[in-house]
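Report on one structure; see the data block that follows.
What you see is a predicted model, and the numbers here were worked out from it, not measured in a lab. When a ligand or atom number is given, it counts from 1 through the structure's own listing order.
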Amino acid sequence: MTTPIAAIQSVRLDDDNDVLVLLDQTLLPNEKVFLQLSTVEEVWDAIYHLKVRGAPAIGIAAAYGIYLGVKQVKADTYVELAVEFEKIKHYLASSRPTAVNLFWALKRMEDRLKQEADKSIAEIKQALKEEAETIREEDEQVCLAIGEHALSLLKPGWGLLTHCNAGTIATAKYGTALAPIYLGQERDYHFSVYADETRPLLQGARLTAWELQEAGVDVTLICDNMASIVMKEGKVQAVLVGCDRVAANGDTANKIGTSGLAVLAKHYGIPFYVCAPLSTIDLECASGDDIPIELRKSEEVSTQWYEKSMAPANVKVYNPAFDVTDHELITAIVTEKGIAYAPFKKSLAELMGKEG
Ligand code: MRU
């Protein structure tokens, strides 16, 4: 992909200095600051405070976090190292609860640790570094494949609506829900994209509108409560969103506000597509009821982005960061291995190589 946004790598290891380089997403679009992290505590903090965010990017950062943490461990035997690995894994797992990619990446690092059990400590540390690199590299290819599959569902000239940010900075590169938009941009599809601002943390306004504008895509920013009018006015032919966890029955957790969009899309007869890598599918969650939903601080709703408080002091605030979209509202789930349609229990299990 040659779009300028593809040049940005929001999460990567600087090999010369052996530090994790992260684009601080809390400062966008006003400042483009790359952080250099060398400890597991810094990685935890970056995930917790959304300096790195988006399900795949969180998983990649956590994998590098394991490497940076294990690198500091002084151990003489595999058993000693494995004990410390477990502590680092649990610590990183406590940073955010909803995106299963975090736990998927930690498990993958643990599997690699176990595979290397008969190697020297130095070799194990090197293997963990390689595994984190592989996770990042694979994610680029996964996103491109999702982009191709999703593009096959879209037609030139369509209006598209997206929520939150499932773009290049939420992944190793290219994004999930935004990947078909970037591919379409290269192939003269001339999409018009409506980006929901995505209250309360404004990932749509700060990140998606910025990314798409940088790539030269025709993007229009709307407040979340304007989605209905743009759909009613016939401006939207498909909704594309990313996802933090897909349950076995096809229920999907994504940024708060996503399920409302799916209800609207059903009302207006607009297809609703969820784009997600297989690493976001969690067959151990039978339905969306099993997906843990992160609750975040009240300040995010009332004061964080404003000079003055926008709500009376001490008013009660409810701030779930994600919601679950019922599978009945989803037209298709687009993965790197292909497109899953209802009944999702069967199609997702097949894509995951499990019995339906
Ligand atoms: O709280 P965030 O900003 O990490 O939430 C991110 C989302 O909800 C994304 O849509 C999702 O992680 C998919 S990113 C490809």
Side-chain angles (χ1 to χ4, degrees), residues 5 10-11 22-26 28 46-62 95-105 136 139-140 142-147 150 161-182 195-208 210-211 224 239-246 252-262 272-282 288 291-297 300-301 304-305 319-325 330 333-336:
I5 203 73
S10 62
V11 42
L22 280 186
L23 175 60
D24 185 342
Q25 298 193 34
T26 62
L28 288 169
I47 296 173
Y48 180 76
H49 287 110
L50 275 55
K51 293 173 190 170
V52 57
R53 49 141 301 283
I58 292 172
I60 297 164
S95 55
R96 290 191 79 186
T98 303
V100 75
N101 307 60
L102 170 69
F103 308 95
W104 170 88
R136 184 188 60 73
D139 191 58
E140 288 190 22
V142 160
C143 288
L144 272 183
I146 290 173
L161 189 142
T162 191
H163 190 71
C164 194
N165 173 269
T168 211
I169 58 176
T171 61
K173 248 188 201 185
Y174 313 124
T176 56
L178 298 194
I181 296 173
Y182 292 131
D196 279 352
E197 64 173 351
T198 315
R199 283 273 288 147
L201 294 184
L202 305 176
Q203 287 93 333
R206 296 185 303 106
L207 310 176
T208 298
W210 170 76
E211 265 199 30
D224 298 332
V239 177
L240 292 170
V241 294
C243 175
D244 289 82
R245 201 183 289 227
V246 183
T252 62
N254 190 47
K255 180 51 53 193
I256 191 75
T258 304
S259 68
L261 277 184
F272 187 90
Y273 297 121
V274 175
C275 300
L278 296 186
S279 54
T280 304
I281 298 173
D282 183 359
I291 301 177
I293 299 293
E294 179 180 17
L295 290 177
R296 294 185 64 87
K297 289 188 187 138
E300 291 182 349
V301 173
Q304 178 147 334
W305 298 101
N319 185 15
F322 301 93
D323 60 23
V324 172
T325 301
I330 297 170
I333 299 173
V334 185
T335 76
E336 69 271 32

(Q) Salt bridge or not between Asp224 and Arg199? Use side-chain N to carboxylate O under 4.0 Å. (A) no
Q: Starting at CD1 of Ile181, measure out to CD of Glu211 and round the result to the nearest 0.5 Å.
A: 10.0 Å
Q. Roughly how far apart are Asp139 CG and Glu336 CD, rounded to 0.5 Å?
A. 8.5 Å
Can you tell me the protein heavy atom closest to [atom] and the distance?
atom                    : value
atom 9 (C) of ligand 1  : Asn254 OD1, 3.4 Å
atom 6 (C) of ligand 1  : Arg53 NH2, 3.5 Å
atom 15 (C) of ligand 1 : Thr176 OG1, 3.2 Å

Q) Pro56 near ligand 1, heavy-atom distance under 4.0 Å? A) yes
Using heavy-atom distances only, which candidate in [options] approaches [atom] most closely?
atom                    : options                       : answer
atom 13 (C) of ligand 1 : Gly54, Gly175, Ala170, Cys243 : Cys243
atom 11 (C) of ligand 1 : Leu202, Thr162, Asp244        : Asp244
atom 1 (O) of ligand 1  : Gln25, Arg96, Arg296          : Arg96

Q) Is there a donor-acceptor contact under 3.5 Å from the side chain of Arg245 to the main chain of Thr98? A) yes
Report yes if some heavy atom in the side chain of [X] is under 4.5 Å from a heavy atom in the side chain of [Y]; otherwise report no.
X      : Y      : answer
Cys164 : Val241 : no
Leu28  : Leu23  : yes
Arg96  : Leu50  : yes
Cys243 : Ile333 : no

For ligand 1, note which part of [X] has a heavy atom under 4.0 Å away: side chain, backbone, both or neither.
X      : value
Asn165 : backbone
Ala166 : both
Gln203 : side chain

(Q) Between ligand 1 and Phe322, is the shortest N or O to N or O distance under 3.5 Å? (A) no
Q. Under 3.5 Å between some N or O of ligand 1 and some N or O of Lys255?
A. yes
Q: Please could you name the atoms of ligand 1 that Cys164 approaches to less than 4.0 Å, counting only its heavy atoms?
A: 5 (O), 6 (C), 7 (C), 8 (O)
Q.
Out of the candidates Thr252, Asp323, Thr325, Asn254, only one should pair with Ser259 under the side chain to side chain donor-acceptor pair (under 3.5 Å) rule; please name it.
A. Asp323
